[in-house]
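Down below is the structure, laid out as structure tokens.
Both counts, for ligands and for their atoms, begin at 1 and track the order of listing. Keep in mind that the numbers below use all heavy atoms, side chains included, and drop hydrogens, waters and symmetry copies.
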Amino acid sequence: MDVVTPKALRGVASLKVGAVRHWTDKTFSFTCERPASFRFRSGEFVMIGLLDGEKPLLRAYSIASPSWDDTLEFYSIKVQDGPLTSRLQHLEAGDHILMRPKPVGTLVHDALLPGKRLFLFSTGTGIAPFASVIRDPETYEKFDQVILTHTCRERGELDYGLELVAGIRSNELLSEIVGDKLTHIPTTTREKSAQMGRMTDWIRDGRLAAATGGPLNPETDRVMICGSMDMLQDHKALCDAAGMTEGANSEPGHFVIEKAFVD
Ligand code: A2P
């Protein structure tokens, strides 16, 4: 890690990019080196970005890699006129990105009360923090059942999650830790696929309960939600209706929410 020194860049690390992968015309992921002293809790986000003239242009990004990993991984949307992602999408191996190494966020175990089932509801790039959480052994120490739902408009957008879960299943160490505790429910809403529909509809009409062994129950279930503002509000309303209370780092609860960051 090189620490760049001009005033505006104090406390900002410059990290070498490893692999870059373009998943669809709307999404890409990349890895970068992890500073040896950088610690975070799975599910947290950091500010990352590029230099814009003399100043850093930083945006919040969930860390998609688990906290035990040597490298950091990010999963991003491409916004053609977005100030950062319009440039970030052209990253290549060997380039450098900037990161303010101060991880924060609420999609963490510390913000949830103990429970039996953990539901991770995501849409689009909102799957990123859960890519971290479902590869963290702590998740399986704390919960008997972990249900990751990922809803996207089109089938191709599900590939990141499908490969992620296939990677867990084929990893000798992780697959042993995860066992049969992880259920992945990918759905599409605008292109035909094996499972279709918004997860909010699945919750309302009982499809999720049928797939997971019962409806949301504050006694046993904990929920993390990541997606657009509308998606968060609608999922939150369903958690509220189930009698759940929102948690925070300072006061753990039944569910936690965080916006999937875009620019
Ligand atoms: P839909 O196609 O029915 O709008 P977006 O790109 O707009 O963020 O949407 C990503 C995915 O999230 C889409 O599949 C979309 O379904 C779904 N979605 C959007 N808004 C909500 C919501 N309020 N509740 C649940 N799912 C949503």
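- Of the protein's non-hydrogen atoms, Asp234 OD2, 2.8 Å is the one closest to atom 23 (N) of ligand 1.
- From the protein, the heavy atom lying nearest to atom 10 (C) of ligand 1 is Thr123 CB, 4.2 Å.
- In terms of protein heavy atoms, atom 3 (O) of ligand 1 is closest to Arg198 NE, 2.9 Å.
- Using modelled atom types, one finds a donor on one side chain and an acceptor on the other under 3.5 Å when comparing Ser42 with Ser67.
- At a cut-off of 3.5 Å, with distance as the only test, a side-chain donor of Tyr61 or Ser76 sits close to an acceptor on the other residue.
- Residue contacts with ligand 1, taken as heavy atom pairs separated by less than 4.0 Å, involve Thr151 via backbone and side-chain atoms alike.
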Using a 3.5 Å cut-off and no angle test, enumerate the donor-acceptor pairs between side-chain atoms of residues 238-253 and protein atoms at least two apart in sequence or in another chain.
| residue | atom | partner | partner atom | Å |
| --- | --- | --- | --- | --- |
| Asp240 | OD2 | Lys236 | NZ | 3.3 |
| Thr245 | OG1 | His254 | ND1 | 3.2 |
| Asn249 | OD1 | Arg41 | NH1 | 2.8 |
| Asn249 | OD1 | Arg41 | NH2 | 3.0 |
| Asn249 | ND2 | Gly105 | O | 2.9 |

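- The closest donor-acceptor contact from the side chain of Thr85 to the backbone of Gly82 lies at 3.5 Å or more, if one exists at all.
- The nearest protein atom to atom 6 (O) of ligand 1, hydrogens excluded, is given as Arg153 NE, 3.1 Å; this is a heavy-atom distance.
- Between the CZ atom in Phe130 and the CG atom in Leu120 there is a gap of 5.0 Å [rounded to 0.5 Å].
- Of the heavy atoms in Arg190, only side-chain atoms (C-beta onward) come closer than 4.0 Å to ligand 1.
- Counting only heavy atoms of the protein, atom 25 (C) of ligand 1 lies nearest to Thr200 OG1, 3.4 Å.
- Contacts between Asp230 and ligand 1 below 4.0 angstrom, taking non-hydrogen atoms only, involve backbone and side chain alike.
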Which side-chain N or O atoms in residues 145-154 pair as donor and acceptor under 3.5 Å with protein atoms at least two apart or in another chain?
| residue | atom | partner | partner atom | Å |
| --- | --- | --- | --- | --- |
| Gln145 | NE2 | Thr212 | O | 3.1 |
| His150 | NE2 | Gly124 | O | 2.7 |
| Thr151 | OG1 | Thr187 | OG1 | 2.8 |

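- For Cys152, the closest heavy-atom approach to ligand 1 falls below 4.0 Å.
- Judged purely by distance below 3.5 Å, without hydrogens or angles, the side chains of Thr106 and Glu258 pair a donor atom with an acceptor atom.
- Considering backbone and side-chain atoms alike, Ser228 places every N or O at 3.5 Å or more from each N or O of ligand 1.
- One finds a salt bridge joining Arg21 and Glu163 here, because a Lys/Arg side-chain nitrogen approaches an Asp/Glu carboxylate oxygen to under 4.0 Å.
- The N/O atoms of Thr189, backbone and side chain alike, include one that comes under 3.5 Å of an N/O atom in ligand 1.
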